[in-house]
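Only a predicted model underlies this, so the values are computations on that prediction, with no experimental measurement involved.
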Amino acid sequence: MSETTSPLRAALRDAAVTKEVVVERAAARAMPDLLRRVAPGARWMLVVDETTWDVAGAAVQALLEARGIALASPLVLPARPRLKPRVSSSEAIARKLAAHELTPLAVGSGVISDLVKHAASMAGKPYVCMATAASMDGYAASGAALLDEEGFKRTLACAPPVAVLADLDVLGTAPARMTAWGYGDLAGKTVAGADWLLADALGVEPLNRRPFDMVQAHLHEWLGAPERLAIQEPKALGDLLSGLLVSGFAMQAHGNSRPASGSDHQFSHLWEMEDLRVDGEPAAHGACVGVGCVAMLAMYEWLREQGDAALAAAVAEVPEGHDDAALAREIDAAFGREEFRAAAREEMNAKRAAGSRRARVARFAGVWPALRDSLARQLVGARDMQQRLRAVGGAAHPRDLGIVGASFAADHRRARLIRRRYTVLDLLDDLGWLDRAIADLFAPGGFWAAES
């Protein structure tokens, strides 16, 4: 790693599992010796799709064969239609690993990474990942986001890779839209940090300072040059991937995805599990996160604009508990499949069992002046973020994903139903303000009306 990746080097020291990272030009040259260090005596199998085999896999296979690394034939998965992150697919990979005593080497981006991560965990094997695009933060993260049998997207517990490699020249050959996806995923960390600050201030989930700082200390720097990413500048690509990897290491250090995933990601998980498609292909995670990020930045701006008198009135009117019957009706109306409804009930029951609604709101009223200042330092303006996403060629508006206004407005309520993680959406629901906020943002003169 070069000196420009010092935050990455520092973050690696806090990683629970990953011990080596190589982000440089011609990184594959380090692969043979690295494999011998991390799993001496292992017999390796490359897991690729048809595209990543052509981009990097074939050359890596030939290099490892020439250097005497024990190898099985590669597992080449179809690239079209776009591969989905299904649990059943990772189980099939795990069976192959276990049957032949193989250790996997993932060569690809998000889906390949998550499939191999879960498969390695099931087979009881370590694994190494070679990233072929700066497209998402999951390379170094604990857990894999996969679709279960019912199609509900869940983050399943499994260990991250023991090593990650990325060749900057290979990253530069990835489609520009994949770099934009990575930028969108990293942009979402602004909202994830705000949601964690909020949850900490309300006594819902304490802030773990080191993982929080790992992501947030350099985030504005990593997000600062989208125009350089638009031309695939190698250093900018390296900085973007470093930010994404550091986010993964922060999740390793904390033990779950809280340092890197908040209400922004809940939009993405909702759309992905419902098989949102763009131009016939499954919507990309980072594209969805980018739009969710803009939505939540606009929501935070709305919250910060509310006056003290309005807050005092809302606090006085908040009941002790929630209307369970109303929640049940909302969940039934929100999802067309009973499997999704059952999962949403489970997540919301867990969230509501975590503490008193009235106590949270009363505490919010007390901490709001200081918290408002912290959020102002944490967040980027919603329109500013849209401009950045557009500069890198990313999705910045729901129409970029084919989502119409009324559906997108409804998704602001539905998104909070699928995860037990407390975010600004839950605070607004606690205050009785969520419907009002959505109405204002979509009304004439509101943020989304101005963007239509």
Side-chain angles (χ1 to χ4, degrees), residues 134-137 176-198 215-230 236 239-241 243-244 246-247 259-271 278 283-305 372 374-401 403 405 408-409 411-412 415 423-425 428 437-438 440-442 446-452:
S135 57
M136 55 101 208
D137 66 4
R177 67 181 184 277
M178 297 187 76
T179 302
W181 298 342
Y183 190 88
D185 200 2
L186 193 61
K189 311 317 175 202
T190 59
V191 172
D195 283 338
W196 202 0
L197 288 170
L198 176 65
V215 176
Q216 301 299 328
H218 297 276
L219 182 57
H220 289 279
E221 174 186 340
W222 290 325
L223 293 172
E227 68 285 348
R228 289 166 46 213
L229 288 169
D239 288 344
L240 174 61
L241 185 64
L244 294 167
V246 168
S247 299
S261 174
S263 49
D264 57 299
H265 271 64
Q266 288 172 218
F267 283 86
S268 179
H269 292 159
L270 174 68
W271 295 329
V278 178
H285 173 75
C288 294
V289 171
V291 174
C293 171
V294 172
M296 290 299 92
L297 290 173
M299 187 68 81
Y300 267 111
E301 288 175 2
W302 182 93
L303 175 61
R304 289 169 52 212
E305 290 168 357
R372 190 196 325 242
S374 296
L375 293 174
R377 292 189 295 271
Q378 168 69 27
L379 294 168
V380 175
R383 287 197 170 82
D384 180 6
M385 185 59 77
Q386 277 192 315
Q387 291 172 356
R388 297 184 193 202
L389 288 164
R390 286 169 175 154
V392 78
H397 191 281
R399 64 170 169 256
D400 298 332
L401 303 175
I403 301 173
F408 186 50
D411 289 344
H412 284 64
T423 73
V424 67
L425 294 173
L428 292 170
I438 296 168
D440 285 353
L441 289 168
F442 284 84
F447 181 86
W448 291 112
E451 285 295 321
S452 63

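- Between C288 atom SG and Q266 atom CD the span is 14.0 Å, to the nearest 0.5 Å.
- Two residues are said to be in side-chain contact when any heavy atoms from C-beta on lie closer than 4.5 Å; C293 and T190 meet this criterion.
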side-chain contact (heavy atoms from CB on, under 4.5 Å) between M178 and M136, worked out: CA-CA 9 Å; M178 297 187 76; M136 55 101 208; over 6 Å; no
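- Not a single donor-acceptor pair under 3.5 Å links the side chain of D264 to the backbone N or O of V289.
- Between Y300 and V380 the shortest side-chain heavy-atom distance does not fall below 4.5 Å.
- Taking the six-membered ring where the residue is Trp, F408 and F267 present tilted rings, their angle falling between 30° and 60°.
- Counting heavy atoms from C-beta outward, T423 and L198 have side chains that stay 4.5 Å or more apart.
- Side-chain contact between V246 and H218 is absent, with no heavy-atom pair separated by less than 4.5 Å.
- The heavy-atom pair separating M385 from A187 by the smallest distance is SD-CB, 3.7 Å.
- Counting all heavy atoms, side chain and backbone alike, A194 lies closest to L379 at CB-CD2, 3.6 Å.
- Side-chain atoms of D195 never come within 3.5 Å of backbone atoms of G262 as a donor-acceptor pair (strictly under, hydrogens ignored).
- Residues M296 and H412 have side chains in contact (heavy-atom distance under 4.5 Å, counting atoms from C-beta outward).
- In plain terms, the two heavy atoms of Q386 and A396 that are nearest each other are NE2-O, 2.9 Å.
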Step-by-step side-chain contact (heavy atoms from CB on, under 4.5 Å) determination, S135 to T179: CA-CA 5 Å; S135 57; T179 302; over 6 Å; no
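- Put simply, the side chain of D440 never gets that close to the backbone of A437: no donor and acceptor are under 3.5 Å apart.
- The shortest heavy-atom contact between S263 and V424 is OG-CG1, 4.0 Å.
- Among all heavy-atom pairs drawn from A192 and P259, the shortest one is CB-O, 4.3 Å.
- In this structure the side chain of P226 never reaches within 4.5 angstrom of the side chain of L389, judged on heavy atoms.
- Although no hydrogens or angles enter the test, the distance criterion places no donor-acceptor pair under 3.5 Å between the side chain of E227 and the main chain of A391.
- No side-chain donor-acceptor contact under 3.5 Å links D185 to the backbone of W181.
- The closest side-chain heavy-atom distance from L244 to W222 is not below 4.5 Å.
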M299 vs F447, side-chain contact (heavy atoms from CB on, under 4.5 Å): CA-CA, chis, key distance, verdict: CA-CA 9 Å; M299 187 68 81; F447 181 86; over 6 Å; no
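- Between A449 and F442, the closest heavy-atom pair is CB-O, 4.1 Å.
- A salt bridge between D137 and K189 is present, with a side-chain N of the basic residue lying under 4.0 Å from a carboxylate O of the acidic one.
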